[in-house]
**Q** 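First the structure, which I've put down as structure tokens, then a few questions once you've had a look.
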2 protein chains.
Amino acid sequence: MSEIQRPGALYQQVAAAIREAILSGEFEPDSLLPSEAQLMARYGVSRPTVRNAIAALRAEGLIDVRHGKGSFVRSSGQPVLTLERGVSRTRDGKFVMPSGDIWQEAEEPSTYRTRTTKATGRLLGLDVEEALFGCDRLLTDPSTGTRAMHRTLIPFEVAEAVPLLGQEPCKPSAALYWVLTQAGHKLTWTETVRARMPLPDERTTLRLPDATPILHVSRIAHGTDDRPLILEELRFGADRAELAYRITADRQPAQHPRS
Amino acid sequence: MSEIQRPGALYQQVAAAIREAILSGEFEPDSLLPSEAQLMARYGVSRPTVRNAIAALRAEGLIDVRHGKGSFVRSSGQPVLTLERGVSRTRDGKFVMPSGDIWQEAEEPSTYRTRTTKATGRLLGLDVEEALFGCDRLLTDPSTGTRAMHRTLIPFEVAEAVPLLGQEPCKPSAALYWVLTQAGHKLTWTETVRARMPLPDERTTLRLPDATPILHVSRIAHGTDDRPLILEELRFGADRAELAYRITADRQPAQHPRS
DNA sequence: TGACGTCACTTGTCCTTACGAGTGATGACT
DNA sequence: AGTCATCACTCGTAAGGACAAGTGACGTCA
């Protein structure tokens with residue numbers, strides 16, 4: 001019925017019309033959109049044009065298409081899982097460490113030895129081709145079904161100085177940080193947050209829907225002597241989880257540790 | 001030449017072949033890929049199939065296509081701009097505030113009055129339909145050309161108690177936080193980080209390439225009485241900028257009331 | 001009643017054809 | 001030499017047809 005004329009290509013006009021209908025609430029979340037055939041009739045266009053419009057909306061993350069069933073308005077629900085990335089104490093209250101260890105292991109971790117790449121070397125501030133211990137784990141949060149990929153990288157140099165680290169680089173981060181503190185380090189860490197589209201293998205292992213970016217957190221911990229000790233990387237779909245940083249102004253040092 | 005057979009659909013096989021060639025470095029970043037016609041000949045498929053494969057690679061953010069020129073391997077460069085979201089002092093060293101005010105105004109800010117939506121209400125912990133001062137600004141970092149959308153929301157209640165706020169809600173955040181501190185508040189804030197695909201208007205105003213997610217930071221500041229004072233939202237393309245949080249373990253309070 | 005095959009409906013894949021539109025080089029004309 | 005039309009190449013858009021594959025309901029048959 002609604003003849004459209006405005007912006008540019010036909011399929012963009014169709015996409016715009018559907019998008020508007022979705023955003024205005026005419027189509028409720030999780031509801032079924034008209035089928036391709038119906039849209040063809042509705043706008044008087046061919047099937048490729050309709051499919052092109054639908055592809056655009058998929059790329060925007062507005063709809064989900066299920067083979068044999070139809071297109072559904074994606075329930076734009078906010079993330080259900082909030083990862084608190086501040087600090088928290090252990091139960092005995094004696095020790096401060098990075099929080100966020102809600103995860104459970106979904107698969108056997110795989111340990112390996114590797115070398116710094118351009119990206120990891122940049123973060124660690126190391127020369128290229130430095131040797132590292134590595135451990136990759138696939139984590140889940142059972143209560144929400146969220147999945148995440150976790151990687152721990154420890155320079156050989158550090159592992160030699162703190163043997164417990166190299167022996168079990170797959171321990172949850174809290175344990176590793178505890179070991180480091182026991183070894184006399186006062187920890188400071190920096191988290192770098194990036195977002196990007198997933199590679200195909202990340203899409204499958206994280207079970208990501210269409211048009212779902214990945215949040216990629218790199219946490220690098222420095223010790224007392226300002227040397228990088230551990231690099232942790234966490235990757236997860238941005239549809240399910242979000243990050244939270246709690247910052248208290250009057251407690252934070254201005255530039256760097258004073259005491 | 002290279003006949004392919006493996007996984008599923010033809011176009012996926014073509015996409016996989018090209019993807020592999022890119023990731024293995026056979027095609028250098030910024031280099032020109034074979035044209036659609038060449039790919040048709042190379043893999044013995046029709047143009048829609050080739051275009052479908054190319055569309056998949058675009059959605060992954062692996063390539064950029066320029067009308068009339070061809071497809072180019074996207075230089076997967078890391079973000080060039082790091083937003084330090086910790087705390088920093090003013091020049092006189094007297095006051096601690098959120099850092100990150102490197103931005104310049106790209107357009108006239110627009111002030112308005114609005115009400116809490118479901119999303120903002122949730123963050124502010126307010127009942128729905130509460131009245132707010134709002135200000136939207138378009139910011140740029142001239143040195144890198146990065147653009148960002150910024151929004152400030154201040155509840156009426158707060159603006160009345162601290163009149164300077166409501167009068168000029170468009171001041172950079174540092175100024176607002178300074179005013180609040182002068183009014184006797186000790187500030188604590190929480191930043192929530194999410195990522196999602198941009199809406200069309202965000203794509204255009206932020207000048208985002210294909211398959212580029214948005215990083216969406218919501219900073220909500222609480223005062224001495226634990227009441228929400230200001231909600232700031234910052235949105236920018238994840239291709240250019242990243243976030244950095246510096247955390248020092250032995251200075252941070254142990255725990256905090258969960259919202 | 002229960003199991004199963006069929007059918008109608010959906011989206012997925014693939015092909016062919018045609019033309020529009022942006023880009024850059026070539027070459028003719030001034 | 002400089003200007004500009006033309007042309008060949010690129011990707012973008014749109015239509016048409018055909019068949020495969022997933023889904024669910026309906027009806028038949030044991």
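Here the structure is a predicted model, which means the values were calculated and not measured. To find a chain, count down the sequence lines: A is the first, B the second, and so on, and within it residues start at 1. No hydrogens, no waters, no symmetry mates; every other heavy atom, side chains included, goes into these values.
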**Q** Nearest-Å distance, CG (Leu32(A)) to P (dT10(C))?
**A**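 The distance from CG of Leu32(A) to P of dT10(C) comes to 9 Å, rounded to the nearest Å.
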**Q** When all nucleic acid strands are considered with a 4.0 Å heavy-atom cut-off, which category describes Arg51(A): base, sugar-phosphate, or nothing?
**A**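 The residue Arg51(A) makes base contact.
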**Q** Partners of Arg151(A) by side-chain contact (heavy atoms from CB on, under 4.5 Å), sequence neighbours excluded?
**A**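 For Arg151(A) the side-chain contact (heavy atoms from CB on, under 4.5 Å) partners, ignoring immediate neighbours, are Tyr112(A), Asp136(A), Leu153(A), Glu233(A), Arg235(A).
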**Q** Would you please name every residue forming a ring-ring contact (aromatic ring centres under 6.0 Å, His included) with Tyr245(B), sequence neighbours left out?
**A**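 For Tyr245(B), the residues satisfying ring-ring contact (aromatic ring centres under 6.0 Å, His included) (neighbours in sequence not counted) are Tyr245(A).
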**Q** With sequence neighbours left out, which residue pairs that include part of residues 18-28 of chain A fulfil the salt bridge (charged side-chain N to carboxylate O under 4.0 Å, His left out) condition?
**A**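 Listed once each, the pairs are Arg19(A)-Glu60(A).
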**Q** How long is the line joining NE2 of His67(B) and P of dA21(C), in whole Å?
**A**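 My rounded result for the distance is 9 Å.
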**Q** Indicate every side-chain donor-acceptor pair of residues 45-57 of chain A with a distance under 3.5 Å to a residue at least two apart or in another chain.
**A**
{"residue": "Ser46(A)", "atom": "OG", "partner": "Thr49(A)", "partner atom": "OG1", "Å": "3.3"}
{"residue": "Arg47(A)", "atom": "NE", "partner": "Glu36(A)", "partner atom": "OE1", "Å": "2.6"}
{"residue": "Arg47(A)", "atom": "NH2", "partner": "Glu36(A)", "partner atom": "OE1", "Å": "3.0"}
{"residue": "Arg51(A)", "atom": "NH1", "partner": "Glu36(A)", "partner atom": "OE2", "Å": "2.7"}

**Q** Checking Glu242(A) now: which residues fulfil side-chain contact (heavy atoms from CB on, under 4.5 Å) with it, not counting sequence neighbours?
**A**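 For Glu242(A) the side-chain contact (heavy atoms from CB on, under 4.5 Å) partners, ignoring immediate neighbours, are Pro79(A), Thr82(A), Arg122(B), Thr192(B), Arg194(B).
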**Q** Just to be sure I understand the geometry, which residues of residues 199-211 of chain B put a non-hydrogen atom under 4.0 Å away from DNA chain C?
**A**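 Going residue by residue through residues 199-211 of chain B, none turns out to have a heavy atom under 4.0 Å of DNA chain C.
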**Q** Restricting to non-hydrogen atoms, name the atom on Gly237(B) and the atom on Leu206(B) that form the minimum distance, rounded to 0.1 Å.
**A**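 For Gly237(B) and Leu206(B), the tightest heavy-atom pair comes out as N-CD1, 4.3 Å.
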**Q** Tell me, please, which residues at least two apart from Thr204(B) pass side-chain contact (heavy atoms from CB on, under 4.5 Å).
**A**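 Partners of Thr204(B) under the side-chain contact (heavy atoms from CB on, under 4.5 Å) test: none.
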**Q** When you measure from the centre of the six-membered ring of Phe72(A), is the NZ or CZ of Arg66(A) under 6.0 Å away and within 45° of the axis?
**A**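 Ring-cation test returns yes.
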**Q** Determine: side-chain N/O of Thr49(A) to OP1/OP2 of dA15(D), distance under 4.0 Å, yes or no.
**A**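 Yes, because at least one side-chain N or O of Thr49(A) sits under 4.0 Å from OP1 or OP2 of dA15(D).
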**Q** From dT13(C), dT10(D), dT13(D), pick the nucleotide closest to the side chain of Ala9(A)?
**A**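 So the side chain of Ala9(A) is nearest to dT13(D).
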**Q** Listed by chain and number, what are the salt bridge (Lys or Arg N to Asp or Glu O under 4.0 Å) partners of Arg74(A), not counting sequence neighbours?
**A**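 Asp64(A).
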**Q** Name every residue in residues 53-62 of chain B that has at least one heavy atom under 4.0 Å from any atom of DNA chain D, in order of residue number, or write none if there are no such residues.
**A**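 Hits under 4.0 Å, by residue number: Arg58(B).
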**Q** Give me the distances for all protein-to-nucleotides 16-18 of chain D N/O pairs that come in under 3.5 Å?
**A**
{"residue": "dA18(D)", "atom": "N6", "partner": "Arg47(A)", "partner atom": "NH1", "Å": "3.4"}

**Q** Each nucleotide N or O in nucleotides 24-27 of chain C that has a protein N or O under 3.5 Å away: list the pair and distance.
**A**
{"residue": "dG24(C)", "atom": "OP1", "partner": "Lys69(B)", "partner atom": "NZ", "Å": "3.1"}

**Q** Does the pair Arg203(B)/Asp210(B) count as a salt bridge with the N-to-O cut at 4.0 Å?
**A**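 Salt bridge present between Arg203(B) and Asp210(B).
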**Q** To the side chain of Glu36(B), which of dG12(D), dG12(C), dT13(D) is closest?
**A**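 Side chain of Glu36(B) sits closest to dG12(D).
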**Q** Side chain of Tyr11(A) only, heavy atoms from C-beta on: which candidate in dA14(D), dG22(D), dC14(C) is closest?
**A**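 Out of dA14(D), dG22(D), dC14(C), the nucleotide with an atom closest to Tyr11(A)'s side chain is dA14(D).
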**Q** Please identify each residue that fulfils salt bridge (Lys or Arg N to Asp or Glu O under 4.0 Å) with Arg240(A), with sequence neighbours left out.
**A**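 Scan of Arg240(A) (salt bridge (Lys or Arg N to Asp or Glu O under 4.0 Å), adjacent residues dropped) gives none.
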